[in-house]
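Everything below concerns the one structure shown next.
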Amino acid sequence: MKKTLLGHVRKCLENCYTEGTLSSGIMPEIVIEVPAHAEHGDFATNVAMQLAKPEKKAPRQIAEILVKEMGAQKDLFEKIEIAGPGFINFFINKDIWRKSLKSIVLAGDNYGKGTTGNGKRVQVEFVSANPTGPLHIGHGRGAATGDAVASILTAAGFEVVREYYINDAGNQMDTLGRSVYLRYCELLGKTIEFPENCYQGDYIKDIARDLITKFGSRYLDTSDEEAIPVFAKLGGDIILQGIKQDLEDFGVVHNTWFSEQTLFDSGKVAEAISYMQQNGYIYENEGALWFRTTDFGDDKDRVVVRGNGVTTYFASDIAYHKEKYERGFDWVIDVWGADHHGYVPRLKGIVQGLGRDANDLKIILVQLVSLLRDGVPVAMSTRSGEFVTLKEVVDEVGRDAARYFFLMRRSDSQLDFDLELAKSQSAENPVYYVQYAHARICSIFESAVEKGIAPEDFSTIPLIKLDTAEELSLIKFLGQFPEVVEGSALNFEPHRITYYLQELAGLFHSFYNKHRVIGEDPELSAARLLLLKCTAQTLKNGLLLLGVSAPERM
RNA sequence: GCGCCUGUAGCUCAGUUGGAUAGAGCAACGGACUUCUAAUCCGUAGGUCAGAGGUUCGAAUCCUCUCAGGCGUGCCA
């Protein structure tokens, strides 16, 4: 709707230029928006104000010229008004609005999808937690965000791949192996001293127990050099399996699991370093190799290969991101915890060093989650092993509530996650508010089917009787969904969908409380059923983008 | 010290990329179920958009400075 209007305004402006009623010939970027107040129309544009300067005319005067030109389209508009400093307010013919319902029914599960992405290839890399411990609640927010961003981009017409990067090459794997091995020895009766820098959590003991079942006491008296790599490998595998399981239970499925180690095995790290060397971004100083990230706005240059010849994590990142683009992705999106924000400039440096635009890499920073129970903070510390896992949260509040809560806020802002609130089946809980709207509509349809009044063919229902304020605002709001999806995609902001759905559910609940759907007038009932069918469809499509279910009964 | 993020109603947060009278939910107060789901709805009240300058027809939104909170600032990952 907005797009046809935009085309119409542009055409009229062109006509004014050819007819000579306007003279500047300037074609500004035309903005059509939905005004905050209904009395300002269905849509409004500020184009007359934008043209005031080049045309050297008062905005209202320009508006009048444009409106005269646009008035020709009588069937599209109910009226066009000039208001305030020079806004042009459009009131769309109600029949056009009503007809839009039929296109929603026709689109069905595809309603909301668009073609903005134009098949552009996008990789979303998210979660990517080190395989040294189970996922905690912070990873949960990253998982929900990455997954929703991927779904929303897909809906907007992008071709999306979800990827998990496994950090299985650094010395944290060595620490994992050592931690598991020490617990293994301990469980077999040996007195050990467990170092502070080892992983403290109880899950290490669980893995050690598994390995006792597997090995018995075979490694009890072997050297560390022999045992630790074995324990690191097996421990990492077990943890990674657990991570996969937790993600699956959370409804998140990655298309690819990319191992950091393979970058070393295939020589891609060395290759990437020499590539950057050839392009003059790497120099030697004090025995180490440095990447000139200051060329790209970083505070200081960063070490790629240490004095002792060992590469840094940053070296892997160069190779990994080079590899990503070589796989043909137009955009790469990394979802990180906000505590890693200091790494953004150097990653942007990599991308530019590869000869690409800095915007080809988008980094979504997800702020930390504070877990509360009835408003009281739950203590968390990865160091001591006292963290709340994603699994615990999902088990307690359910997948839908957990996902919705993680997506309710802009990822930029810190999130308070209240366990009791997420569980509560009350008005305070927005997940149920939205889901309830869907379930309510389904229940109405059940009742309509029982009474034999559910229409079989929605395309022939006359809609003229949909004329109350509640019905019309619901219809108009439904029409915004595709644009909301598009905006959400292009800005990588899933929370826009949650806000839209809450408002849509609210409009429906208001309508429901004021009007009966199944009544004496069969034509009105049928028309209202169509309206509700569209509402349920949109609620469902939106919830699906967030990875939240749309229950038919609650 | 420097850098990034945040600051909007008592609380938790939106704010359509610079638009018209700044919006929701919760909490507070007062109402609505003999009907298709009350996990709902209707109404009342609540604001120096942290503060000060600037940019312009127009600023919560852009620029500068100040204040407050969080995070980061390794030849760790």
Side-chain angles (χ1 to χ4, degrees), chain A residues 2 31-37 39-40 44-46 49-50 52-53 58-59 83-87 89 130 132 167 169-173 175 260 285-290 297-300 302-314 316 337-345 365 367-368 375 408-410 412-416 418 421 424-433 435-437 439-448 450-451 480 483-484 487 490-491 495-496 498-500 502-503 505-506 508-519 525 528-529 532 553-554:
Chain A
K2 195 187 260 188
V31 178
I32 307 276
E33 55 176 14
V34 179
H37 302 280
E39 63 265 34
H40 293 139
T45 181
N46 61 348
M49 289 182 292
Q50 290 175 292
K53 218 168 229 178
F87 289 102
N89 295 335
N130 292 349
T132 54
N167 297 119
N171 59 25
Q172 81 274 11
M173 291 312 288
T175 306
E260 180 186 4
N285 187 30
E286 294 177 6
L289 290 183
W290 300 70
D298 200 0
D299 297 337
K300 49 173 288 194
R302 306 294 169 176
V303 171
V304 176
V305 182
R306 282 175 260 170
N308 62 9
V310 178
T311 58
T312 60
Y313 183 82
F314 184 49
S316 305
D339 52 340
H340 290 78
H341 70 256
Y343 297 78
V344 174
L365 295 173
Q367 277 288 356
L368 73 118
M408 252 183 345
R409 307 278 176 247
R410 255 168 60 229
D412 275 343
S413 66
Q414 297 187 9
L415 174 70
D416 288 334
D418 195 308
L421 178 60
S424 74
Q425 304 191 355
S426 72
E428 299 166 45
N429 191 336
V431 196
Y432 291 107
Y433 184 78
Q435 289 184 322
Y436 184 56
R440 242 183 176 178
I441 295 173
C442 291
S443 150
I444 294 170
F445 269 89
E446 252 177 52
S447 162
E450 267 172 36
K451 294 186 170 110
Q480 289 183 34
E483 291 153 32
V484 172
L490 295 177
N491 293 282
H495 76 276
R496 295 189 188 208
T498 66
Y499 276 87
Y500 175 83
Q502 274 164 254
E503 197 172 340
F508 161 70
H509 286 309
S510 295
F511 162 79
Y512 176 90
N513 274 276
K514 197 156 178 184
H515 306 288
R516 280 195 62 82
V517 177
I518 299 169
S525 289
R528 285 184 171 164
L529 282 168
L532 292 205
R553 206 167 290 187
M554 287 174 74

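Naming: A, B, ... by sequence-line order, numbering from 1 per chain. These values consider heavy atoms only, across backbone and side chains, with no hydrogens, waters or symmetry-generated copies.
Contact annotation: A:Arg528 does not reach the phosphate of B:C36 (side-chain N/O to OP1 or OP2, under 4.0 Å).
At whole-Å resolution of the value, CZ in A:Arg516 and P in B:U34 are 13 Å apart. A straight line from OH of A:Tyr433 to P of B:A24 spans 12 Å, rounded to a whole angstrom. Whole-Å rounding puts the A:Phe511 CZ to B:C36 C1' distance at 10 Å. Rounded to an integer number of Å, the gap from CG of A:Leu415 to C1' of B:U6 is 14 Å. The nearest whole Å value for the distance from the NE2 atom in A:His515 to the C1' atom in B:C33 is 18 Å. For the pair A:Arg553 CZ and B:C36 P, the interatomic distance rounds to 15 Å; values are reported in whole Å. The distance from atom CE of A:Met554 to atom P of B:A38 is 13 Å, rounded to the nearest whole Å. Nucleotide B:A32 holds its P atom 14 Å from the CG atom of A:Asn513, rounded to whole Å.
Atom CG in A:Leu532 sits 10.0 Å away from atom OH in A:Tyr512 (nearest 0.5 Å).
Within 4.0 Å of A:Asp298, counting heavy atoms only, lies no atom of the nucleic acid at all. Base engagement by A:Ala439 is indicated by at least one non-hydrogen atom pair under 4.0 Å involving a base atom. Counting non-hydrogen atoms under 4.0 angstrom, A:Phe445 reaches nothing in the nucleic acid. Among the heavy atoms of the strands, none lies under 4.0 Å from A:Ala437. As judged by a 4.0 angstrom heavy-atom cut-off over every strand, A:Ala83 is placed among the base-contacting residues.
Take A:Lys53 and apply the side chain to side chain donor-acceptor pair (under 3.5 Å) test, not counting sequence neighbours, and it matches no residue. For A:His340, the ring pair (Phe, Tyr, Trp, His ring centres under 6.0 Å) partners two or more places apart in sequence, or in a different chain, are A:Tyr343. Shown here are the side chain to side chain donor-acceptor pair (under 3.5 Å) partners of A:Thr175, two or more places apart in sequence or in another chain: there are none.
The aromatic ring of A:His40 stacks onto the base of B:A20, its centre lying under 5.5 Å from the centre of the six-membered base ring with the two planes under 30° apart.
Across B:A38, B:G19, B:U6, the shortest atom-to-atom separation from the side chain of A:Asp412 is found for B:U6. Of the candidate nucleotides B:C36, B:C41, B:G19, B:C41 has the atom nearest to the side chain of A:Ser510. The side chain of A:His37 lies closest to B:U21, out of B:C13, B:U21, B:U40. Proximity note for A:Arg409 (side chain, C-beta onward) versus B:C5, B:A20, B:U12: the nearest is B:U12.
Ring geometry for A:His40 versus A:His37: interplanar angle over 60°, hence perpendicular rather than tilted (30 to 60°).
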Dump every N/O contact between nucleotides 56-64 of chain B and the protein below 3.5 Å, one line per pair.
unit_1, atom_1, unit_2, atom_2, d
B:C57, OP1, A:Lys53, NZ, 3.3

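Stem list for RNA chain B (at least 3 consecutive Watson-Crick or G-U pairs, distances under 3.5 Å): B:1-7 with B:67-73, B:10-13 with B:23-26, B:28-32 with B:40-44, B:50-54 with B:62-66.
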Contact string for nucleotides 70-77 of chain B, one letter per nucleotide 5' to 3', B = base within protein heavy-atom range under 4.0 Å, S = sugar-phosphate only, - = neither, reads SBS-SBBB
